[in-house]
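Working notes for the structure below.
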Amino acid sequence: MPDEVAFFYIFLSLNKGFSDFYHARMVPAISHISAARFWLSCGQRDVPRHFLDSSSNSKECPLSADCLDAARSTFSIEQDEPLHFLVSGQNNRRILEGAVSHSINGELPPQSILGYSAGAKIGIVSPEISFVQMACLLSRIDAIRYGSALCGRFAVPADTGKLPARKPLTNVHDIRKHLKASPRMSGRKQASAVLPYIIENTRSPREIDVALFLSLPIRKEGFGLPRPAINESVRLDKPLRTRNQYGETT
C-alpha cells in the first residue's frame, strides 16, 4: 500500500473532544470524523449534489436506528465504525449503539447540508463545514493537509492503493465565504488561522506535503518560499523551438 493512503488514517484516533454547534431545523447529517472520511474517499461520481436547506425544513427528522442504517447504506460507511451525526438541538440527540450525535445551537449558513436527492432524509455536512469541524480536532498542520485535500484533485479510498482523480470539492474562496457567513461557528477561529496556508489543485498527499514544506513560514518549520502554483497550465506566447540530436528544429 503506498504511503499516500496512510493520509486517510490521520483521523482514526479522534473520537472525543466535540462541542455543540448551532440550532436549526434540519435532517440528521453525517458530520465530524465520519464526514471527513467520506469526503476524503468519495470519487467523482459519489459526490452528493443536492443542498438541503437547514433553515426551511418544516418538520424535524429524528435520529433513529433506521436512520443510522440508511446513512451507512447511502454513504457506504462500515458497520464497525462509529457514525457521527449533527442534529438540531439537545432534545434531538439520541443514545444509539454505533452512533455519536452532536447538537447545534444556532443557524447553519446556507448550503451547509448535502444529500443525494432533494427530499433526502439523511444528509452530510458540506466540505466547507467539515473543514471547520475538523480544524477543532486536528493539529494545525493536519488541518491544513485536510483542507488542501478537500481543495485537491484526488480521492483517498481506504481499501485501495490508488488515488483516483476527481474535481476539487471546494476551494479557499468558498471556505472563506462560509466562515464570514457564520461568525458564531465553533471552530471558526482555528479554521481561519490555517486557511491562508491551504494548497489548492494538488493531485496527491505527497504533493501537499512537498508544497507545505517549501511554502510554510520558517517558524512553522517550512522554508518560507513563495506559494507554489500546482498543476496549472503553462501557456506560451510563442511556440517553443528547439533542436534535437539530429539538428532538426521542433
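It should be emphasised that the depicted structure is a prediction, and the values quoted were computed from it without experimental measurement.
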**Message:** According to side chain to side chain donor-acceptor pair (under 3.5 Å), who are the partners of R72, at least two apart in sequence or on a separate chain?
**Reply:** none
**Asked** Just by modelled atom types, is the G43 backbone N or O under 3.5 Å from a matching donor or acceptor in the R166 side chain?
**Response** no
**Request:** Kindly write out the residues that satisfy side-chain contact (heavy atoms from CB on, under 4.5 Å) with R140, not counting sequence neighbours, or none if the list is empty.
**Result:** A193, V194, K220
**Request:** Report yes or no: does R203 contribute a side-chain atom to a donor-acceptor pair with the main-chain N or O of L163 at less than 3.5 Å?
**Result:** no
**Request:** Check whether any side-chain heavy atom of R49 sits under 4.5 Å from a side-chain heavy atom of L114, and report yes or no.
**Result:** no
**Request:** Please name all residues satisfying side chain to side chain donor-acceptor pair (under 3.5 Å) with D69, sequence neighbours left out, ordered by chain then number.
**Result:** none
**Message:** Test side chain to side chain contact (heavy atoms under 4.5 Å, CB included) on I113 and F51; report intermediate values, then the result.
**Reply:** CA-CA 6 Å; I113 307 295; F51 290 111; over 6 Å; no
**Prompt:** Does R45 have any side-chain contact (heavy atoms from CB on, under 4.5 Å) partners at least two apart in sequence or in another chain, and if so, which?
**Reply:** none
**Prompt:** Which atom pair, heavy atoms only, marks the closest approach of H178 to P110?
**Reply:** NE2-O, 3.7 Å
**Prompt:** Taking only residues two or more places apart in sequence or in another chain, which ones pass side-chain contact (heavy atoms from CB on, under 4.5 Å) with K177?
**Reply:** H173, D174
**Asked** Are side-chain heavy atoms of V100 and I33 found at a separation under 4.5 Å?
**Response** no
**Message:** Looking at every non-hydrogen atom in both residues, tell me the closest pair between V172 and E200 and how far apart they are.
**Reply:** N-OE2, 2.9 Å
**Request:** Would you give the length of the straight line joining atom CD1 of I208 to atom OG1 of T202, rounded to the nearest 0.5 angstrom?
**Result:** 3.5 Å
**Prompt:** Is it true that a side-chain atom of Q133 and a backbone atom of G187 form a donor plus acceptor pair closer than 3.5 Å?
**Reply:** no
**Request:** Check F75 against P48 and note the closest heavy-atom contact, atom names and distance.
**Result:** CE2-CG, 3.9 Å
**Request:** Scan for ring pair (Phe, Tyr, Trp, His ring centres under 6.0 Å) pairs involving residues 181-208, sequence neighbours excluded, and state none if there are none.
**Result:** none
**Asked** About how many Å separate NZ of K189 and CG of L179, when rounded to the nearest 0.5 Å?
**Response** 14.0 Å
**Request:** Provide the closest heavy-atom pair for S31 versus L86 in the form atom of the first, atom of the second, distance.
**Result:** OG-N, 3.5 Å
Under 3.5 Å donor-acceptor pairs involving side-chain atoms of residues 122-130, not counting sequence neighbours:
{"residue": "S126", "atom": "OG", "partner": "E128", "partner atom": "OE1", "Å": "3.2"}
{"residue": "S126", "atom": "OG", "partner": "I129", "partner atom": "N", "Å": "3.2"}
{"residue": "E128", "atom": "OE2", "partner": "T170", "partner atom": "OG1", "Å": "2.6"}
{"residue": "S130", "atom": "OG", "partner": "Y146", "partner atom": "OH", "Å": "2.6"}

**Complete:** Rounded to the nearest 0.5 angstrom, the CG-CZ distance for N201 and F154 is 11.0 Å
**Asked** Can you check side chain to side chain contact (heavy atoms under 4.5 Å, CB included) on W39 and L169, steps first, answer last?
**Response** CA-CA 8 Å; W39 288 124; L169 297 171; 3.8 Å; yes
**Prompt:** Is the backbone of P205 close enough, under 3.5 Å, to the side chain of R145 for a donor and an acceptor to pair up by distance?
**Reply:** no
**Option passing side-chain contact (heavy atoms from CB on, under 4.5 Å) with E207 (candidates L212, N231, I199)** = N231
**Item:** Side-chain (S215) to main-chain (R227) donor-acceptor, under 3.5 angstrom
**Value:** no
**Prompt:** Who passes side chain to side chain donor-acceptor pair (under 3.5 Å) against D46, sequence neighbours left out?
**Reply:** none
**Complete:** Residues joined to L225 in its hydrophobic cluster, side chain to side chain under 4.5 Å directly or through other members, sorted by chain and number, are V210, F213, L214, F223
**Request:** For S117 and H50, work out which heavy atoms get closest and say how close.
**Result:** CA-CD2, 3.6 Å
**Message:** Can you give me the closest heavy-atom contact between V47 and Y116, atom names plus distance?
**Reply:** C-CE2, 4.0 Å
**Request:** Using side-chain contact (heavy atoms from CB on, under 4.5 Å) as the criterion, list what pairs up with Q190, not counting sequence neighbours.
**Result:** A135, C136
